[in-house]
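Note on naming: letters A, B, ... go to the chains in the order of the sequence lines (proteins, then strands), and numbering restarts at 1 for each one.
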Amino acid sequence: MRVAEVRRYGKYIVFDLDRGVLAVHLGMTGKLLFDVPANPYTRAVWEFDGFSLSLEDIRQFGRVLWSESLPEPVAALGPDPLEISRIAFNGRATSYRTAVKGLLLNQRFLRGLGNIYADELLFRARIHPERRTEDLPGSVWTTLWREMKVLLAEAIEAGGSSISDYVNTAGEKGSFQLQHQVYAREGKPCRRCGTVIEKKTLQQRGTHFCPRCQER
DNA sequence: CAGATCACCTGCTTGC
DNA sequence: TGCAAGCAGGTGATCT
């Protein structure tokens, strides 16, 4: 069995094989690591000529899918945030009726945004996370689209956000957590206006925002 | 049917 | 110090 290509597809890592497509989701605590000894959290090991690839996952929220073609849960995901045009973004956004934060986390809307980047994006766009999507004018979607591109580019440049577990395949942490404006900064002053950052639970997710910069 | 809530799992932090 | 409760980069199943 050969791996023809490895690509990212939303939060999935997709392996195109001789036969079929393998998709790995890391969940909250999953890691794909080369050449490490097995431990109690090792969930899978792929042996190649001269090296191995292990999936470690403490909380077991990760998963491995295989199908003759792109597995259905993967194929059902929305467009990639890095690729979507402004027109397409604005067009898709208006077909949902929910809190804007919930929309950003909906992988059928866009594939790949998670809790950290939803919060950071809403802060940059100065949108309150509970604002209803149906109430947001086109200009706001354009702002979200533009800020999303900038935010993700900066986060990728910094190697992502390592809160506790995340590392790349070389075992290295990212540094974007140092640039977070609101995520995990509740009780601290807003870097833009000094107001105390708040945290509340929204749709079961910790949601961080500046009550002044992001008025309802 | 879309949107909201629950459930899954383990480890670490927090508060009494 | 000890222990239980609460919380964590996510999402499929199950409700309303």
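Side-chain atoms of A/T98 never come within 3.5 Å of backbone atoms of A/G102 as a donor-acceptor pair (strictly under, hydrogens ignored).
Per the geometry, CG belonging to A/L103 stands 9 Å off P belonging to B/dG3, to the nearest Å. Put simply, CD on A/Q60 is 7 Å from P on B/dC9, counting in whole angstrom units. The distance from atom NZ of A/K31 to atom P of B/dT10 is 17 Å, rounded to the nearest whole Å. Between the CD atom of A/E130 and the P atom of B/dG3 there is a distance of 17 Å, rounded to whole Å. The separation between A/F109 atom CZ and B/dA2 atom P is 16 Å, rounded to whole Å. When the C1' atom of B/dG3 is taken as reference, atom CZ of A/R97 falls 12 Å away, rounded to whole Å.
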inquiry  = Could you go through A/E130 and A/L202, starting from their C-alpha distance and side-chain angles, then the distance that decides it, and tell me whether this counts as side-chain contact (heavy atoms from CB on, under 4.5 Å)?
reply    = CA-CA 8 Å; A/E130 291 180 281; A/L202 223 71; 3.3 Å; yes
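When only modelled atom types and interatomic distance are considered, A/D119 and A/T207 share no side-chain donor-acceptor pair under 3.5 Å.
The minimum heavy-atom distance between A/Q177 and A/G160, with the atom names listed, is OE1-O, 3.8 Å. A/R92 and A/R108 make their closest contact through NH2-O, 2.6 Å (heavy atoms, listed as atom of the first residue, atom of the second, distance).
Contact annotation for A/Y96: backbone-only contact, meaning every heavy-atom pair under 4.0 Å involves sugar-phosphate atoms and none involves a base.
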request  = For nucleotides 4-16 of chain C, just jot down a letter per nucleotide in 5' to 3' order: B, S or -, based on protein non-hydrogen atoms under 4.0 Å.
outcome  = ---SBBBBS----
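Residue A/E134 holds its CD atom at 14.0 Å from OH of A/Y96, rounded to the nearest 0.5 Å.
For B/dC9, there is no paired nucleotide, since no Watson-Crick or G-U wobble pair has both relevant distances below 3.5 Å.
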